[in-house]
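These notes are about the structure you will find just below.
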Amino acid sequence: MQPKTQKIFSRNALLVFSGGQDSTTCLHWALHNFKNVQAIFFNYGQRHAIEQTSAVKIAELNNIPLKIIALDFFSQIGSNALTDSTLEIESKAGELPNTFVPGRNLIFISCAASYAYSLGITDIITGVCQTDYSGYPDCRQDTISALAKVISLGLDKEVTIHTPLMQMTKAETVDLAIKLNALKSLAYSHSCYEGNYPPCGQCPACILRAKGFKEAGIPDPLLTRTTEV
Ligand code: ZN
C-alpha cells in the first residue's frame, strides 16, 4: 500500500526497468511522483533469465504494465561479461570493468523513448547513478542530459529523462527505498551477476548492494525473504 502523497507531476511516466535494486527503487519513486507509471524491460541476452523473472514479479506486485522488448543483438556484439558467459567478470585498475555493455543505456533509453512516444508519454525514468557507478560512462549525468536533448530533437517533442538516484550513494538509495515503502519489492529485485537465488554474495554487484544495506543499517529484504519468485 503506497502512502498518499501529493504527486509532483500530473503526467504519466515510463520507467526503464531491469528488475534490479536501483530501478525497483525508481519504480516506487515514479509511483509517488507521477499519475500513472508503466515500465519497459529489455531482454538483451543478459546471462540470466532471473532478471526478467524479477521484473515481471515486481511489476505484478505493483500493478504496473510491463512491456518486454528483445534486443538480442548485444550478444552478437560480444566482448563483455554480461552477455558472454564464457568470460570471467573482471575489473582492472584504470579500465572499465568487462561488465560494461557498450552503449547499453543509450540504446535502452532511446528505445524506451520510442515506445513512450507511441504511448503519448514524454517522461522517462532510469535508475542510472554516477556516484557508486562501476565506471560506466553512459550512467553519467552529462551523457543522460545530452541524450535527452538528442531524443527531444529526434522526436520533435520535449522529452525529460528523470534520474532520481544519479547523485545518491547506495546507502542513500536504500534510505529512499525505505521512505518509499519499496522494501517488499526489493525483496524480489535481482543484482547478482551470477544470476542465482540466493545471490552469490561475492560478485561486484552483490558486494555493492550489501555495502548499501549495511551503511543504511537494515537487512537486505532479498536475503531475508522466505519465498521463491
Ligand atoms: Zn553475486
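One-based numbering, in listed order, for ligands and for the atoms of each. Side-chain atoms are counted along with the backbone in the values below, which use heavy atoms only and exclude waters and symmetry mates.
Taking the ring centroids of Y44 and F108, they lie under the 6.0 Å cut-off.
We find the CD1-CD1 distance between I40 and I124 to be 9.0 Å, quoted to the nearest 0.5 Å. Atom-to-atom distance recorded for I151:CD1 and D156:CG is 14.0 Å, nearest 0.5 angstrom. Taking CG of L15 as the start and CG of L31 as the end, the distance is 9.0 Å to the nearest 0.5 Å.
Between H162 and F34, the angle of the ring planes goes over 60°, which puts this pair in the perpendicular group of the 30/60° scheme.
Salt-bridge annotation for R104 and D138: absent, with no side-chain N of the basic residue lying under 4.0 Å from a carboxylate O of the acidic one.
Within a radius of less than 2.8 Å around the Zn ion (ligand 1), the protein N, O or S atoms are C192 SG, C200 SG, C203 SG, C206 SG.
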